[in-house]
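So that the names make sense, note that chain A is the first sequence line, chain B the second, and so on, each numbered from 1.
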Amino acid sequence: MKIKLVETGGIVPLNKEAEAETEWTKEECEHLLKLIASNTAGSAARDAISHSLIVNRKETPIDLSKLPAKYRTLFNQLLKDMHYMPR
Amino acid sequence: MCNHRHSYDPARCIIPPYISNKLAGSPDKKIAARAIKNAVETVKLRAKREFSGGLSDAQRALLQPTKPKSKTAKLNMQVYDMLHGTNPSAAKLVWDNGTLKGKSDKQVTNVIAAGTATWDFYYKLFGRNSVDNKGLLLRHFVHYSSKYNNAMWDGSEMVYGDGDGVIFGDFTADPDIIGHELTHGVTQYESNLAYHNQSGALNESLSDVFGIMVKQRMLNQDVKTANWLIGENVVRGSKYALRSMKAPGTAYVNHPQLGTDPQPASFDKYVKLPDTSSGDYGGVHINSGITNFAFYKAAFDMGGFAWEKAGRVWYAAMTDKTLQQEASFKDFRDLTIKQAGKIFGKNSLEQKAVTAAWKSAKV
Ligand SMILES: [Zn+2]
């Protein structure tokens, strides 16, 4: 299953992204997305950086601090591989 | 002097660069130092004369700073070192209201200088005591995470990263960035402009407007000597900055990683983007170029120091109780024109300058 991690926001509105091929099943992916989904609605933060995960063209805002330990290596690699997407 | 791109020293940077060059060329340091002092005073006086020339006594009286509401109000501020972590409860207090509690460094001194200057700016000029006007403790967190490319207001505090050292440098290097983040606090406690589409772009623009004035006041720059660049030390490379208020869209051009600054300068070029994080919530940091340009034009055409005329008008509009959370550019334009009339008189040159500035931005 192909996943794309997207980093957006900040005082400069730049978008970064990185992709990876995973062995996740549909169920595992749904379970993970439920666990790490973030809710920033009504947040008073300004210029904040956010992350989202795109799977099968569906984008889910996520909170990386909620990531279970077994996924950290994969996400750290994705963060390392990120490149800017100029507008 | 001020050519060091990745540090900010207000004591050194208050001297304009062309005067610094004079010092470098002088064989007698005493004479050169005196010449510099005189030149700085001359620049100050000339700027003052230019801006107050042609004003009536009544108008000049209006330009005096608003009387602070309380004589006992004082800065309440702390600086914490995140030690490259992301958990604020693990941060180390390094500076507490004038007392050094831990190891200081460039980032700590940068936020002390610009944080103090921002409080002083709002208090001395507008009688405002901190972001909430009730003396709220200002807490700055430096060295957030590792190579973090951002500065932000988290709803109650300021957070600054060190930058990756490749595309971005230290995010405390520009006082306009620190003033920008603190102004998000002011907006939050005033109209709380909704952070999307036009109201979000206004929110962003107000932070740039007051951030740039904090920097210009620290450096004693008038509207003509200022370069109107936001984050010129934050983006690495002498050709680059985060935003240009004077010429939106030119802060970085053909940058190898960032591409070209997408900010428009006029409303006919408004960029329609989705109201999502990847769409910058409808382009709040992009379309702010339009209202930034309107402020620049108004300030430039009125002359002198930006905070003495245009800044007063924008502050009055920002704190106007009729400013709605979902305000449009046109709503804010109308408020500034109304406030310019109230402060300087109906059909005054200042009110005409504000009206013309919005026309230049095609709002
Ligand atoms: Zn901002």
Side-chain angles (χ1 to χ4, degrees), chain A residues 2-20 33 36-69 71-73 75-87, chain B residues 86-87 145 148-161 167-168 171 177 180-181 183-185 187-189 192-193 195 200 203-204 207-208 211 230-231 234-235 241-243 251-252 254-263 271 273 276-281 283-286 288:
Chain A
K2 195 180 251 181
I3 61 164
K4 192 192 273 183
L5 180 66
V6 182
E7 186 177 285
T8 54
I11 191 167
V12 209
L14 299 168
N15 294 349
K16 283 164 96 177
E17 60 181 48
E19 282 183 343
L33 285 175
I36 63 175
S38 74
N39 183 10
T40 51
S43 165
R46 300 292 179 249
D47 303 320
I49 283 178
S50 343
H51 294 95
S52 58
L53 201 63
I54 301 179
V55 185
N56 292 329
R57 284 195 273 177
K58 186 174 177 267
E59 186 171 351
T60 310
I62 59 166
D63 181 350
L64 289 176
S65 68
K66 292 179 181 173
L67 205 63
Y71 295 101
R72 279 197 199 129
T73 311
F75 277 79
N76 282 341
Q77 190 57 46
L78 280 166
L79 286 168
K80 230 174 146 186
D81 292 346
M82 285 195 141
H83 54 273
Y84 286 101
M85 301 298 293
R87 279 176 207 280
Chain B
T86 55
N87 179 8
S145 193
Y148 191 66
N149 280 338
N150 200 25
M152 63 175 282
W153 163 258
D154 80 348
S156 56
E157 291 143 356
M158 279 67 60
V159 174
Y160 310 91
I167 301 169
F168 296 106
F171 277 77
I177 298 290
H180 176 108
E181 297 310 333
T183 300
H184 276 309
T187 301
Q188 181 180 310
Y189 283 97
N192 199 17
L193 286 163
Y195 206 55
N203 190 323
E204 269 307 311
S207 278
D208 279 350
I230 300 283
V234 162
V235 190
L242 294 184
R243 289 186 275 279
Y252 51 95
N254 295 326
H255 185 286
Q257 285 86 19
L258 308 177
T260 296
D261 174 7
Q263 282 208 316
V271 181
L273 285 168
T276 59
S277 180
S278 59
D280 190 33
Y281 300 104
V284 298
H285 294 87
I286 295 171
S288 55

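For CG of A:Asn56, the number of neighbouring non-hydrogen atoms (other residues, nucleotides, ligands) closer than 6.0 Å is 12 at most. Atom NZ of A:Lys66 is surrounded by more than 12 heavy atoms from other residues, nucleotides or ligands within 6.0 Å.
With a 4.5 Å cut-off on side-chain heavy atoms, A:Ile11 and B:Phe168 do not count as touching. Between B:Ser278 and A:Glu59 the shortest side-chain heavy-atom distance falls below 4.5 Å.
Among the candidates A:Gly9, A:Ser43, A:Ala48, the residue making the largest number of heavy-atom pairs closer than 4.5 Å to chain B is A:Ala48. Heavy-atom pairs under 4.5 Å with chain A were tallied for B:His285, B:Glu181, B:Glu204, B:Met152; the largest tally goes to B:His285.
The part of B:Ile167 that comes within reach of chain A is its side chain, from C-beta onward, which places non-hydrogen atoms under 4.5 angstrom from that chain. For B:Asp261, no part sits under 4.5 Å from any heavy atom of chain A, backbone or side chain. At a 4.5 Å heavy-atom cutoff, B:His255 makes no contact with chain A through either its backbone or its side chain. Contacts of B:Glu157 with chain A are absent, with no heavy-atom separation under 4.5 Å from either backbone or side chain.
Although no hydrogens or angles enter the test, the distance criterion places a donor-acceptor pair under 3.5 Å between the side chain of B:Asn150 and the main chain of A:Asp47.
Minimum interatomic distance between B:Gln257 and A:Tyr84 (heavy atoms only, all atoms of both residues): O-CB, 3.5 Å. Counting all heavy atoms, side chain and backbone alike, B:Trp153 lies closest to A:Ala44 at CD1-O, 3.8 Å.
Of the inter-residue distances, the one linking A:Arg46 atom CZ with B:Leu193 atom CG reads 9.0 Å to the nearest 0.5 angstrom.
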